[in-house]
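Here is the structure we will look at.
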Amino acid sequence: MSTEPQVPAEDDLPEQLRIRREKRVNLIDRGIEPYPVSVPRTHSLAAVREKYKDLETDTATGDQASLVGRIIFKRDTGKLCFATLREGDGTEIQAMLSLDKVGQEQLDAWKSDVDLGDIVSVTGEIITSKRGELSLLANTWAMASKSLRPLPNDHKPMSEETRVRMRYVDLIVRPEARTVARLRPQVMRSLRETFTSQEFIEVETPMLQVMHGGAAARPFKTFSNAYDIDLFLRIAPELFLKRCVAGGLERVFEINRNFRNEGADSSHSPEFAMIETYQAFGDWRTIADLTRSLIQNAAKAVSGSHVVTHMNGREADLGGQWKEISLYDAISEGVGETVTALTPIAELKKYATKLGMKIDPKWVTGKLAEEIFEHVAQDKLIEPTFVMGYPVDTSPLVRAHREIPGVVEKWDLYVDGFELATGYSELVDPVIQRERLIEQAELGAKGDLEAMQLDEDFLRAMEFGMPPMGGMGMGVDRLLMALTGLGIRETILFPLVKPETD
RNA sequence: GGGCCUAUAGCUCAGUCGGUAGAGCAACGGACUUUUAAUCCGUGGGUCGACGGUUCGAGCCCGUCUGGGCCCA
């Protein structure tokens, strides 16, 4: 079965598709190339807009230009035709074709050959119209690329499914889609600049891994013919970045794709871009400072200040020092009793039941505590908030808290109610690390599909001596969400969608 | 995994009580030398997601499946 869109036999085509195909054939029959190798273009539309921005109404400049753009608006009248050309950055300029400039033959051809969505080249004089619109008054025109499909209605937004399945059309018709597409590289550049300014170096570690580790998640599995072994698409780069730090690359980061074989919804995608970074001789506090500067600099890069404006108009202030709360204090407040990492699971279950939560019997004590926290507090975590101090049994790669028993030096950063980043004082004791990973392997043997595997090579690296370090992971797509207020499928150009079926 | 909503023209959507399928934009033919979602006259365009069932008759009711969305676990 092909996943290509099926084009039915010619005579079965919907009317509008059939007519456009006939127009293409008609062009060829008249010796006109519908897809020429090149067309005249002397200026970008943006350059013309910039140069003539102060031109008064109804002015003829005498300046000649050849402009190219996609027709997004077209109005044919008897002897004077108007069309709006749009180029990639969204800049638009009007083209005007009048009988006395282009002649009857070219005017008729324009009316019959050109449709909304076609890409055309027009050559003529830069003018402003009687209504003040900056325009090119054509002497001649040429087809640059004939569109065989009608553009969607410009005045009604496309459904979300159509936008995602046909992002190219979304980009043509919706300025916000192009804005978001350009926002991502701005953020990426800002992140790399912040890292570089603090002497972090970017490394690239394997995406195909012999064993999956570094996070609790189900992996995608694949197979190497050459090595005759199963491979996993990585769920996290953590264990390789720590190998780098062991080797003396003291400050490293990686921005790249992770893959998790789990559900997809408005904040989860099976493949997603992730930042991970490790700083030798740092800890969870220094890495929190780094995280804040990464996010605040990104906000400044896209909006000019630490206050970002979401697509729905809401303003979010990401500036200043951020609030810190203790996980167990928040739980205690939520249930009205003192809860610590040492509170027995039976008591936690009692509190959870009283809150009306459904309890998964597979949850360990720490997992239950985290679930209670999310239940009582997540909705309140709108302004940026570091949630400090997580249970040890859900965090096998984190160092024990230097004061609080049963707790590790781990924070989660929440913004707009979702988890944006997580940071640790990393566990570097190879003996304790081995014990924790063996516990994970036992969970895996018992059927926990998210448990980590025992990575002997990683442990060997740690046994050579890893410096104390802080580490952090942050979802790039989620950072985009925090900066724009959009859902994850809007921040990813081509999110995974199930194939269309006929 | 469970619940609810949803699928109709190229796009966005209506469709009442089960009785010949509708609108706007888009398209096609015509008029118009300053239009900005122009206006005016005329025209065409549908396997109503798929498969079954009930019925004299199904876009509508029932079942199954597929895609999409939301909520819950």
Side-chain angles (χ1 to χ4, degrees), chain A residues 1 3 5-9 11-23 26 57-60 71-86 92-104 107-108 110-118 127-138 147-166 168-170 172-174 262-268 352-353 355-363 367-368 371 374-375 379 449 487-490 495-502:
Chain A
M1 192 185 100
T3 56
Q6 298 293 311
V7 177
D11 49 358
D12 286 346
L13 280 177
E15 181 190 38
Q16 298 199 40
L17 272 60
R18 180 174 49 76
I19 288 167
R20 288 188 179 221
R21 276 167 172 73
E22 288 167 2
K23 288 185 178 182
N26 185 262
T57 294
D58 202 10
T59 306
I71 305 280
I72 53 138
F73 177 87
K74 187 169 184 260
R75 174 141 306 121
D76 294 342
T77 66
K79 302 185 180 64
L80 179 63
C81 298
F82 300 88
T84 302
L85 305 186
R86 179 186 287 163
E92 295 172 5
I93 281 184
Q94 174 167 273
M96 296 167 62
L97 290 91
S98 70
L99 177 62
D100 57 1
K101 296 288 183 194
V102 302
Q104 192 68 53
L107 192 69
D108 289 346
W110 173 266
K111 291 185 194 176
S112 63
D113 299 344
V114 177
D115 291 306
L116 286 180
D118 292 356
I127 65 162
T128 50
S129 72
K130 285 179 182 170
R131 296 291 189 88
E133 189 78 38
L134 182 60
S135 306
L136 183 133
L137 181 59
S147 169
L148 297 184
R149 290 178 182 267
L151 284 179
N153 183 349
D154 196 28
H155 316 298
K156 297 275 186 176
M158 285 194 295
S159 64
E160 191 193 320
E161 183 180 358
T162 311
R163 291 209 307 267
V164 168
R165 286 193 188 274
M166 295 196 283
Y168 36 90
V169 179
D170 191 27
I172 290 169
V173 299
R174 199 168 57 95
E262 296 169 349
D265 60 30
S266 59
S267 62
H268 295 81
T353 306
L355 289 166
M357 295 171 54
K358 292 207 172 159
I359 300 165
D360 186 332
K362 290 200 292 289
W363 288 345
K367 175 70 177 168
L368 180 56
E371 293 288 335
E374 293 204 353
H375 185 86
D379 293 345
L449 298 167
I488 198 164
R489 278 187 308 279
E490 300 286 335
L496 183 66
V497 286
K498 286 199 187 176
E500 294 166 90
T501 51
D502 293 323

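Here is how names work: the chains are called A, B, and so on, in the same order as the sequence lines, proteins then strands, and each is numbered from 1.
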Please tabulate, one pair per line, each protein N/O and nucleotide N/O from nucleotides 6-12 of chain B that are separated by under 3.5 Å, including the distance.
from: B/G10; atom 1: N9; to: A/Q16; atom 2: NE2; distance (Å): 3.4
from: B/G10; atom 1: N7; to: A/Q16; atom 2: NE2; distance (Å): 3.2
from: B/U12; atom 1: OP1; to: A/S159; atom 2: N; distance (Å): 2.9
from: B/U12; atom 1: OP1; to: A/S159; atom 2: OG; distance (Å): 3.0
from: B/U12; atom 1: OP1; to: A/T162; atom 2: OG1; distance (Å): 3.2

Please give the nucleotide sitting opposite [N] as a Watson-Crick or G-U wobble pair, both distances under 3.5 Å, or none.
{"N": "B/U12", "value": "B/A23"}
{"N": "B/U39", "value": "B/A31"}
{"N": "B/C17", "value": "none"}
{"N": "B/U55", "value": "none"}
{"N": "B/G1", "value": "B/C72"}

Using a 4.0 Å heavy-atom cut-off across all strands, classify [X] as base, sugar-phosphate, or nothing.
{"X": "A/K130", "result": "base"}
{"X": "A/R165", "result": "sugar-phosphate"}
{"X": "A/D100", "result": "base"}

**OP:** Using atom types as modelled and distance alone, determine if a side-chain donor or acceptor of A/T128 lies under 3.5 Å from a backbone N or O of A/D58.
**Re:** yes
Original post:
Do the side chain of A/K79 and the main chain of A/L107 share a donor and acceptor less than 3.5 angstrom apart?
Top reply: no
Original post:
What nucleotide among B/U36, B/A73, B/U33 has an atom nearest to a side-chain atom of A/K358?
Top reply: B/A73
Original post:
Among the nucleotides B/C25, B/G68, B/U33, which one has an atom lying closest to any side-chain atom of A/H155?
Top reply: B/C25
Check the distance between [N]'s [atom2] and [X]'s [atom1] and give it to me in whole angstrom.
{"X": "A/L13", "N": "B/G44", "atom1": "CG", "atom2": "P", "result": "21 Å"}
{"X": "A/N26", "N": "B/C28", "atom1": "CG", "atom2": "P", "result": "13 Å"}
{"X": "A/M357", "N": "B/A73", "atom1": "CE", "atom2": "P", "result": "8 Å"}
{"X": "A/R20", "N": "B/G44", "atom1": "CZ", "atom2": "P", "result": "21 Å"}
{"X": "A/I72", "N": "B/U36", "atom1": "CD1", "atom2": "P", "result": "15 Å"}
{"X": "A/D118", "N": "B/A27", "atom1": "CG", "atom2": "C1'", "result": "13 Å"}
{"X": "A/F82", "N": "B/U36", "atom1": "CZ", "atom2": "C1'", "result": "9 Å"}
{"X": "A/L116", "N": "B/A37", "atom1": "CG", "atom2": "P", "result": "13 Å"}

Determine the interatomic distance between [atom1] on [N] and the same-named atom on [M]; round to the nearest Å.
{"N": "B/A9", "M": "B/G30", "atom1": "P", "result": "28 Å"}
{"N": "B/G19", "M": "B/U55", "atom1": "C1'", "result": "12 Å"}
{"N": "B/C60", "M": "B/G18", "atom1": "C1'", "result": "7 Å"}
{"N": "B/G59", "M": "B/A14", "atom1": "C1'", "result": "12 Å"}
{"N": "B/U64", "M": "B/C5", "atom1": "P", "result": "14 Å"}
{"N": "B/G46", "M": "B/G22", "atom1": "C1'", "result": "11 Å"}

Subject >> Set of residues satisfying side chain to side chain contact (heavy atoms under 4.5 Å, CB included) with respect to A/Q16, sequence neighbours excluded >> reply: A/P150
Original post:
Which residues pass the side chain to side chain contact (heavy atoms under 4.5 Å, CB included) test with A/L151, sequence neighbours left out?
Top reply: A/I172, A/V173
Original post:
So which one's nearest nucleotide on RNA chain B is more toward 5', A/K498 or A/Q94?
Top reply: A/Q94
**OP:** With RNA chain B as reference, determine whether A/F73 or A/S135 sits nearer its 5' end, using the nearest nucleotide of each.
**Re:** A/S135
Tabulate atom names and distances for all N/O pairs under 3.5 angstrom spanning the protein and nucleotides 30-32 of chain B.
from: B/C32; atom 1: N4; to: A/D76; atom 2: O; distance (Å): 3.1

Using the test side chain to side chain donor-acceptor pair (under 3.5 Å), find all partners of [X] that sit at least two apart in sequence or belong to another chain.
{"X": "A/E15", "answer": "none"}
{"X": "A/T84", "answer": "none"}
{"X": "A/S159", "answer": "A/T162"}
{"X": "A/R163", "answer": "A/E490"}

Subject >> A/P495 side chain reached by A/I488 side chain, heavy atoms, under 4.5 Å >> reply: no
Original post:
Would you say B/G69 has OP1 or OP2 under 4.0 Å from some side-chain N or O of A/R489?
Top reply: yes
Subject >> Distance below 4.0 Å between A/K74 side-chain N/O and B/C25 OP1 or OP2 >> reply: no
Subject >> Results of salt bridge (Lys or Arg N to Asp or Glu O under 4.0 Å) for A/E161 - residues two or more places apart only >> reply: A/R165
**OP:** Please say which of A/I71, A/D154, A/I72 ends up in a side-chain contact (heavy atoms from CB on, under 4.5 Å) with A/L116.
**Re:** A/I71
